[in-house]
Amino acid sequence: MNYKELYNQWITGSYFDEETKAELEAIKDDEKEIEDRFYKELEFGTAGLRGVIGAGTNRMNVYTVRKATQGLANYIIQMKGQDRGVAIAYDSRHMSPEFADEAALCLNANGIKAYVFDSLRPTPELSFAVRELHCIAGINVTASHNPAEYNGYKVYWEDGAQITPPHDVNIMEAVSAITDFADAKTMNKEAAVNSGLYVPIGKEIDDKYIGELKKQVKHQDAIDAVQKDIKIVYTPLHGTGNIPVRRVLKELGFENVYVVKEQELPDGAFPTVSYPNPESEEAFELAVKLGNEIGADILLATDPDADRLGVYVRGEKPGEYHVLTGNMSGCLLAEYEISQMKAAGTLPEDGALIKTIVTTNLANDIAAYYNIELIEVLTGFKYIGEKILEFEKTGKRHYCFGFEESYGCLIGTYARDKDAVAATMALCEAVAYYKTQGMSLWDKMKEMYDRYGYWMDGVQSITLKGKEGIEKIQNTIDKLRADVPTEIAGYKVLSARDYKLDTVKNMTTGEVTTTGLPKSNVLYYDLEGGAWVCVRPSGTEPKLKFYYGVKGSDFDDAEAKEKELGQYMIHMVNSML
């Protein structure tokens, strides 16, 4: 059935509600819009769904959510896990509560209990709830830091991590096997509640989650000693972080926490930003203004589902704040957590620091300094969660810390997804600890560069929307795969990794080995002088992303090299589109 036939089916079919039909009727003269909404089904990828909210097969709506959930339900029943239930959380985005209910009622109609949070909660708390309630799976309705028109649906498995092989592929197949939207079951909410299948959850899980966060604190003594002298600015960017972040900081004793009022309350329109991303300078404008007014030591911003954290730290001059990239804040936390374990004599001999392949090589040097293993995984925090599970099952290695360049990390193993609430708590603790040592966080960052070298990393992306955009992204990857470069920006390519083909080619000897990681549509180039480049399509947005890193002799040298390599990559990729 072509896109026009599908459009007409949705317009005329009795299964679809009148509001959906009216929305589609309004675009009847816009052929390109009709094609974009119906040329394919919104893909259930390796973590779930993500797309623009609206009517159509290629959109996030109650029908695509219900269909995805029916596939998940079928797989849960196949795995004989229907008696264990599924935890469901949602964020502040438009339609998030509605999509959460649709998912719950579809599960209920299949005889599967749903534990649904009574209001919005952060992603890491959903991960924790799956484990705490011994659920077979979890669903989180969120589009993370995407623009306001997006929403999404992430699936977790029993260990609390997002689905990984074989479950991801099997669930994808179960969803694909449903060819008719009408085959997805649902039921009345009142009947579901009365039957005990729809179970609201809230405060009890909140209390246990906050309790686990507080267990991760290394130096309550430092907080007690100097917290009155520390000023913290925090913004939840209209998302889920406001209540848990303020609660945990208050319970630890931090008194001077200032919240950006304009961004405090949940709002799916994200009215103060065009893009609710803590990586964005725009997201920090109001926080910087407030920080300058009160003389804050640290500025913190969580994304809408509170799994990513942006950080600014005070410099030496009044009104000066240094922006920490995800690589920088991740390394600061890795250094703090691991160094304090070592000082306390609790650092495991078989400890491991885990990072993704697109994360800074500064992490490698930290691991080497503390004599623990550095483990690389594919992009996506679920692969870090998968490693933690492997450690537990085999009894080999102990998790010390894990992070990715995209502003996400996990301290402890109470959850299996990145946790910006915990990261906020830990960075504020680090501010207190280093203050007792006569240092600021920026002083510590500079000390780390002096010790490990001046690593600087960057990431850029090119957005290509629509069917044509997706094709261009793949064509560019295919060109690079077919014609492996021998030099990039004047750097000799030492080896080329192709994670889709599972090959690592030594460009000098021609020897080919395997990557040792699951197959993924990613290309990675190790360059001379410690530099590197990685190219991959985004898994959540219509973007071609390229990451890169360099090592300089000092800040200025590293900055110049990073800028030059980034500009080269933009030019190279644009010339191939």
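Keep in mind that the numbers below use all heavy atoms, side chains included, and drop hydrogens, waters and symmetry copies. Starting from 1, each residue takes its place in the sequence as its number. Here the structure is a predicted model, which means the values were calculated and not measured.
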Asks: Hey, is the main chain of Ile163 close enough, under 3.5 Å, to the side chain of Lys382 for a donor-acceptor pair?
Replies: yes
Asks: Do Ile411 and Met425 touch side chain to side chain, with heavy atoms closer than 4.5 Å?
Replies: no
Asks: To the closest 0.5 Å, what do you measure between CD (Gln340) and CG (Leu347)?
Replies: 11.0 Å
Asks: Does Arg451 make a cation-pi contact with Tyr369, if we ask for NZ or CZ under 6.0 Å from the ring centre and within 45° of the axis?
Replies: yes
Asks: Are Val226 and Lys435 close enough that some pair of their side-chain heavy atoms sits under 4.5 Å apart?
Replies: yes
Asks: How close do Asp118 and Gly202 get, heavy atom to heavy atom, and via which atoms?
Replies: OD2-CA, 3.9 Å
Asks: Okay, side chain of Thr360, backbone of Asn327: is any donor-acceptor separation there less than 3.5 Å?
Replies: no
Asks: Between Gln216 (side chain only) and Glu212 (backbone N and O only), is there a donor and an acceptor less than 3.5 Å apart?
Replies: yes
Asks: Would you mind checking if Glu564 and Lys561 are paired as a salt bridge, meaning a charged N to carboxylate O distance below 4.0 Å?
Replies: no
Asks: Starting at NZ of Lys289, measure out to CG of Leu299 and round the result to the nearest 0.5 Å.
Replies: 13.5 Å
Asks: Is there a donor-acceptor contact under 3.5 Å from the side chain of Asn140 to the main chain of Leu126?
Replies: no
Asks: Before giving the answer on salt bridge (charged side-chain N to carboxylate O under 4.0 Å, His left out), spell out for Glu429 and Lys218 the whole-Å C-alpha distance, their side-chain angles and the decisive distance to 0.1 Å.
Replies: CA-CA 8 Å; Glu429 177 195 344; Lys218 303 292 190 293; over 6 Å; no
Asks: Nearest 0.5 Å please: distance from the CZ atom of Arg59 over to the CG atom of Asn151.
Replies: 13.5 Å
Asks: Between CG of Leu378 and CD of Glu386, what distance do you get to the nearest 0.5 Å?
Replies: 9.0 Å
Asks: Walk me through it: do Thr356 and Glu376 pass the test side-chain hydrogen bond (donor to acceptor under 3.5 Å, both in side chains)?
Replies: CA-CA 5 Å; Thr356 62; Glu376 282 193 335; over 6 Å; no
Asks: Using 4.0 Å as the upper bound for N to carboxylate O, is an ion pair formed by Lys208 and Glu204?
Replies: yes
Asks: Kindly give the heavy-atom pair with the smallest separation between Ala296 and Val233, and that separation in Å.
Replies: CB-CG2, 3.7 Å
Asks: Decide yes or no on side-chain contact (heavy atoms from CB on, under 4.5 Å) for Tyr115 and Ile88, but give the supporting numbers first.
Replies: CA-CA 6 Å; Tyr115 298 95; Ile88 300 178; over 6 Å; no
Asks: Output, in order, the C-alpha distance, side-chain angles, deciding distance and verdict of side-chain hydrogen bond (donor to acceptor under 3.5 Å, both in side chains) for Arg416 and Tyr156.
Replies: CA-CA 9 Å; Arg416 299 299 160 86; Tyr156 293 72; over 6 Å; no
Asks: Without swapping roles, check the side chain of Gln227 against the backbone of Gly253 for a donor-acceptor pair under 3.5 Å.
Replies: yes
Asks: Less than 4.5 Å apart, any side-chain heavy atom of Tyr399 and any of Leu353?
Replies: no
Asks: For Ala420, does its backbone N or O pair with a side-chain atom of Asp307 as donor and acceptor, under 3.5 Å?
Replies: no
Asks: With a 6.0 Å cut-off on the ring centroids, do Tyr525 and Trp532 count as close?
Replies: no
Asks: Which atom names give the shortest non-hydrogen contact between Gly239 and Ser92, and what distance separates them?
Replies: CA-OG, 3.5 Å
Asks: With ring centroids as reference points, do Tyr336 and Tyr433 lie under 6.0 angstrom apart?
Replies: yes
Asks: Above 12 or not: heavy atoms from other molecules or residues under 6.0 Å from CG of Asn371?
Replies: no
Asks: Does the Ser127 side chain pair with the main chain of Gly160, one donor and one acceptor, at a distance under 3.5 Å?
Replies: yes
Asks: Would Thr272 and Glu262 count as a side-chain hydrogen bond (donor to acceptor under 3.5 Å, both in side chains) here? Give the steps.
Replies: CA-CA 7 Å; Thr272 62; Glu262 299 92 331; over 6 Å; no
Asks: Search all heavy atoms of Pro124 against all heavy atoms of Ala415 and return the closest pair with its distance.
Replies: O-CB, 3.8 Å
Asks: Within the side chain of Thr463, is there an N or O that forms a donor-acceptor pair under 3.5 Å with the backbone of Lys543?
Replies: no
Asks: Keeping the roles fixed (side chain from Thr476, backbone from Lys472), state whether a donor-acceptor pair exists under 3.5 Å.
Replies: yes
Asks: Answer yes or no: is there an ion pair linking Arg93 with Asp305, defined by an N-O contact shorter than 4.0 Å?
Replies: no
Asks: Any side-chain to backbone donor/acceptor pair from Arg247 onto Asn242? Under 3.5 Å, distance only.
Replies: no
Asks: Are there over 12 heavy-atom neighbours, none belonging to Leu133, within less than 6.0 Å of that residue's CG?
Replies: yes
Asks: Compute the centroid of each ring, for Tyr312 and then for Phe284, and state whether the two points are separated by less than 6.0 Å.
Replies: yes
Asks: Closest heavy-atom contact between Ala148 and Gly268?
Replies: CB-O, 3.5 Å
Asks: Does atom CD of Glu251 have more than 12 heavy-atom neighbours, drawn from other residues, nucleotides or ligands, at distances under 6.0 Å?
Replies: yes
Asks: Can you tell me how far apart NE2 (His94) and CG (Asp267) are? Round to the nearest 0.5 Å.
Replies: 6.5 Å
Asks: Run the numbers on Tyr524 and Val533 for side-chain contact (heavy atoms from CB on, under 4.5 Å), then give the verdict.
Replies: CA-CA 6 Å; Tyr524 189 108; Val533 166; over 6 Å; no
Asks: Looking only at non-hydrogen atoms, find the nearest pair between Asp557 and Asp554 and report the distance.
Replies: N-OD1, 2.7 Å
Asks: Where do Asp297 and Lys231 land on the salt bridge (charged side-chain N to carboxylate O under 4.0 Å, His left out) test, with the steps shown first?
Replies: CA-CA 5 Å; Asp297 296 273; Lys231 293 181 179 180; over 6 Å; no
Asks: After noting the C-alpha distance and the side-chain angles of Leu309 and Val311, does the key distance pass the side-chain contact (heavy atoms from CB on, under 4.5 Å) rule?
Replies: CA-CA 7 Å; Leu309 177 68; Val311 186; 3.9 Å; yes
Asks: Only counting residues at least two apart or in another chain, list the ones meeting salt bridge (Lys or Arg N to Asp or Glu O under 4.0 Å) with Glu255.
Replies: Lys228
Asks: Evaluate the side-chain proximity of Asp419 to Tyr414: yes if any heavy-atom separation is below 4.5 Å, no if none is.
Replies: yes
Asks: Let's go through Leu332 and Glu335 carefully: what are the C-alpha distance in whole Å and the side-chain angles of both, what is the deciding distance for side-chain contact (heavy atoms from CB on, under 4.5 Å) to 0.1 Å, and is it a yes or a no?
Replies: CA-CA 5 Å; Leu332 259 176; Glu335 171 75 19; 5.8 Å; no
Asks: Could you walk me through whether Glu404 and Lys355 pass the salt bridge (charged side-chain N to carboxylate O under 4.0 Å, His left out) test, one step at a time?
Replies: CA-CA 6 Å; Glu404 56 186 3; Lys355 67 160 192 167; over 6 Å; no
Asks: Could you measure the distance from the CG atom of Leu544 to the CD1 atom of Ile477? Nearest 0.5 Å is fine.
Replies: 5.0 Å
Asks: Under the side-chain hydrogen bond (donor to acceptor under 3.5 Å, both in side chains) rule, what do Asp443 and Ser440 come out as? Steps first, then yes or no, please.
Replies: CA-CA 5 Å; Asp443 291 333; Ser440 69; 3.2 Å; yes
Asks: Checking side-chain hydrogen bond (donor to acceptor under 3.5 Å, both in side chains) against Arg121, which of Thr142, Asp206, Asp91 comes through?
Replies: Asp206
Asks: For the residue pair Trp442 and Phe555, categorise the inter-ring angle as parallel (less than 30°), tilted (30 to 60°) or perpendicular (more than 60°).
Replies: parallel
